[in-house]
There are 2 protein chains.
Amino acid sequence: MPRPPVRPAGEKSTREQILDVALDLFTTEGFEKTSLREISERMGFSKAALYYHFASKDDILLALHLRLHELGKTGLDKMIDWERVAPHEWPGVLDEFIETLLENRKLFLLHVRNHDSLERLPHHHGERGDGKDDILDRLRLLLTDERVPRTQRLRLAFAFAVVGFGLLAAGDMFQDLATDDLRVELRSAVRDLLGPITAAGTEPGRQHPVTA
Amino acid sequence: MPRPPVRPAGEKSTREQILDVALDLFTTEGFEKTSLREISERMGFSKAALYYHFASKDDILLALHLRLHELGKTGLDKMIDWERVAPHEWPGVLDEFIETLLENRKLFLLHVRNHDSLERLPHHHGERGDGKDDILDRLRLLLTDERVPRTQRLRLAFAFAVVGFGLLAAGDMFQDLATDDLRVELRSAVRDLLGPITAAGTEPGRQHPVTA
DNA sequence: GTCTATATTTCGATAGAC
DNA sequence: GTCTATCGAAATATAGAC
């Protein structure tokens, strides 16, 4: 039987190196605008050589999608059982989401930026029935679950929006912001946003005056 | 001197119709992935005919950019003088931003979705020195203005993120959400987010406990 | 595993007839 | 104002040598 080639410890396979290069380019330039020529030039060999390691350009994107898919299995299993999470537990769930995001910025940027390209990928079926098996798909399921009051779903969506934007802004407009500071600010903002719907006597239709 | 062709009242010129079609496609499919063939097919004539009305594909995008640029002149002049806006006025400014967004969803979606393509467009210079003359450019200037404390800028950024996401979510995950309801929810969320930094005795370093 | 060379498709853009 | 026909560039992908 074939066995993987022996490599010095800590040295990545060519395939993994290609994926690292592709992840950088797909997040900065976008999947559609990144050409195989660009990837091969950074790798130091020709375009055709890529086809030894991957069957197609889509195949590279799919491999990166699987990297993110693994995250769903390891760290965020709670997000599978949204229905059993009480409102007062939401800030804690958001905290976990913040941690996962901070630890895997590039992978999430890949998803946010290339959502369309990932969507039209032929999904690997079988593991779950509906094919909705990554974190963002599950998030969508919660936010459209009509068993949760719409006002609460909206607030949750706003909270996730802030967290997602925080990720983008950190590497863009707030480059000098340390990860620890960003985490503090995100947690604070999430609690201010979710406070009105996690308080004991929740009034969903809470109104503000139209003008201050 | 040449004069514009006489048209029945309420009938749009071919050029404007092309722009309407292009706006739809650019916001749903993206600028790069939208081909001139696709536009011409919707218009009912050939691809080459487009070149009678526009010099290039970029020229179409530029014309749509000008539509948004006009909004900056008419409705949001306050956003030019960020420095003179006191923190307690921010919710009101955000309210104006919300209104402008709700009234021009498609144009803003065009900007959000095709930010990169718009960025590399040869800008029409002259009107202002730095070429940063549309709403989103000015917004960026505020959020990176180091004269404003970073914590406050972050909170403002979060607020704008919620508003921007609300626009996307409304036409996607919350399709059944009426505009009036969305406006109420956005205003409410903005005030909860800006409350901590608009209160009289503002403490920028306000902390939340790490775990609830 | 990587190379050169090439097939195939799609796109933006132009030329010239009507 | 719109057409047909075509060009040239760039991209994905394949074939076959080394």
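If you're wondering where the values come from, they're calculated on a predicted model, not measured in any experiment. Numbered from 1 within each chain, the chains take letters A, B, ... in sequence-line order. Note that these values count all heavy atoms, side chains included, but never hydrogens, waters or copies made by symmetry.
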Taking only residues two or more places apart in sequence, or in another chain, which ones meet B:Thr179 in a side chain to side chain donor-acceptor pair (under 3.5 Å)?
B:Arg105
Between [X] and [Y], how do the two ring planes meet: parallel, tilted or perpendicular, split at 30° and 60°?
X	Y	value
B:Phe31	B:Phe26	perpendicular
A:Phe158	B:Phe165	perpendicular
A:Phe97	A:Phe108	perpendicular

Within residues 36-49 of chain A, the residues having a heavy atom closer than 4.0 Å to DNA chain D are A:Leu36, A:Arg37, A:Lys47, A:Ala48
Rounding to an integer number of Å, can you tell me how far [X] [atom1] sits from [N] [atom2]?
X	N	atom1	atom2	answer
A:Phe54	D:dT14	CZ	P	15 Å
B:His53	D:dG1	NE2	C1'	6 Å
A:Asp59	D:dT12	CG	P	14 Å
A:Lys57	C:dT8	NZ	P	21 Å
B:Glu32	D:dA11	CD	P	12 Å
A:Lys33	C:dT10	NZ	P	21 Å
A:Tyr51	D:dA15	OH	C1'	13 Å
B:Asp58	C:dG12	CG	C1'	10 Å

Are A:Arg191 and B:Asp192 within salt-bridge range, i.e. N to O under 4.0 Å?
no
Side chains of B:Thr27 and B:Leu23: closer than 4.5 Å at any heavy-atom pair?
yes
Could you tell me whether the phosphate oxygens of D:dT2, OP1 or OP2, come under 4.0 Å of any side-chain nitrogen or oxygen in B:Tyr52?
no
